[in-house]
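Got a structure for you, written out below as structure tokens; questions coming shortly.
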Amino acid sequence: MTIQWFPGHMAKAKREVTEKLKLIDIVFELVDARIPISSRNPLIDEIVANKPRIMLLNKADMADPDVTKQWIDFFAAQQIEALPIDSQSGTGVKQIVAVAKERLRPKFEKMMAKGIKRPRAMRALIVGIPNVGKSTLINRLAGKHIAKTGDTPGVTKAQQWIKVGKELELLDTPGILWPKFEDEEVGLKLATTGAIKDTILNLQDVAVYALRFLAIYYPDRLKERYVLSHIPEDIVQLFDEIGKKRGCLAAGGVVDYDKVAELVLRDIRTEKLGRLSFDRP
Ligand code: G4P
């Protein structure tokens, strides 16, 4: 779904998340492990404020594992606990409850010290920008399929709690926040990973960005995938070589740059170039 984030929309989204925060003990901030900064909401610290928070690096199955490790250390240095997860297969998801429990231990111990014998379940909210995998994670934690509400702030329905074992309750609708899209590079990274629709940015611009990035950080994979003896400095030449090798041709045998752009982005998103990370600590 293409979302138009007008200032009014953003204010409303923020208000809705702020309302939900009143109901919960802990926030699960979902980001894309391939772009953990670019897929973050720019106001997240302000919005979440003092609520305990765990960062979940989702789609870790698609991210470069070495870079993911670096990100975990990077966030740890900022006192942010980050967990790599794959909501689609469930890898790492079980750990979320254990980590949340540890985080909330002081709060629940205080409740018990006040005489509450059986502490209630921890209550959590998942927040994140569209397409990071919020619904997938909710369904994974719920162990069943919960209908997805539109990615539009303001779509209201009765709030429900989903039980995740005995110790956790999750709000069934996530908090939807907007990315930092006024930053051009962030937009290009969101488009490269498929987080935003291909109609929003020019496909060739996105592919130029992606190919330049690959040439710097993953040159061997680029060479291997497109059978290149070397990577031409000139981006048009690189498009030409890939186009010729892959038969992305228009009438008259000239290289069709749109086709090359589509092919490269499809290859990236379907892991034909392996696990890639586009944000670097
Ligand atoms: P949202 O609620 O935050 O908007 O995101 P949603 O769960 O709809 O997930 C967006 C896309 O990301 C979905 O793919 C989903 O399958 C995929 N996804 C979510 N978590 C993971 C993960 O940990 N690893 C991988 N590899 N993919 C993940 P889609 O192509 O839009 O739909 P479909 O393939 O599920 O049909």
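Excluded from the calculations below are hydrogen atoms, water molecules and symmetry mates; all remaining heavy atoms, backbone and side chain alike, are included. Just so you know, ligand 1 is whichever comes first in the structure, and atom 1 is the first atom listed for that ligand. Model, not experiment: these values are computed from the prediction.
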Side chains of Ser89 and Asp86, donor plus acceptor under 3.5 Å: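 Asp86 and Ser89 do have a side-chain donor-acceptor pair below 3.5 Å.
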Heavy-atom nearest neighbour of atom 2 (O) of ligand 1 within options Pro84, Gly92, Ala33, Ser135: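 The residue whose heavy atom sits nearest atom 2 (O) of ligand 1 is Ser135.
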Side-chain donor-acceptor pair present, Asp64, Tyr218, cut-off under 3.5 Å: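 Asp64 vs Tyr218: donor-acceptor pair found between side chains.
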Arg34/Asp279 salt bridge by N-O under 4.0 Å criterion: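 Between Arg34 and Asp279 there is no salt bridge, as every charged N stays at least 4.0 Å from the carboxylate O atoms.
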Element-labelled atoms of ligand 1 that are located less than 4.0 Å from some non-hydrogen atom of Met62: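 Once the distances to Met62 are compared, the set is 26 (N).
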Residue portion contacting ligand 1 (non-hydrogen atoms closer than 4.0 Å) for Asp61: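 The side chain, only.
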Cationic N near anionic O, under 4.0 Å, Glu29 to Arg40: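 Salt bridge between Glu29 and Arg40, a charged N being under 4.0 Å from a carboxylate O: yes.
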Gly133, any N or O under 3.5 Å of ligand 1 N or O: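 Yes, since at least one N or O of Gly133 sits under 3.5 Å from an N or O of ligand 1.
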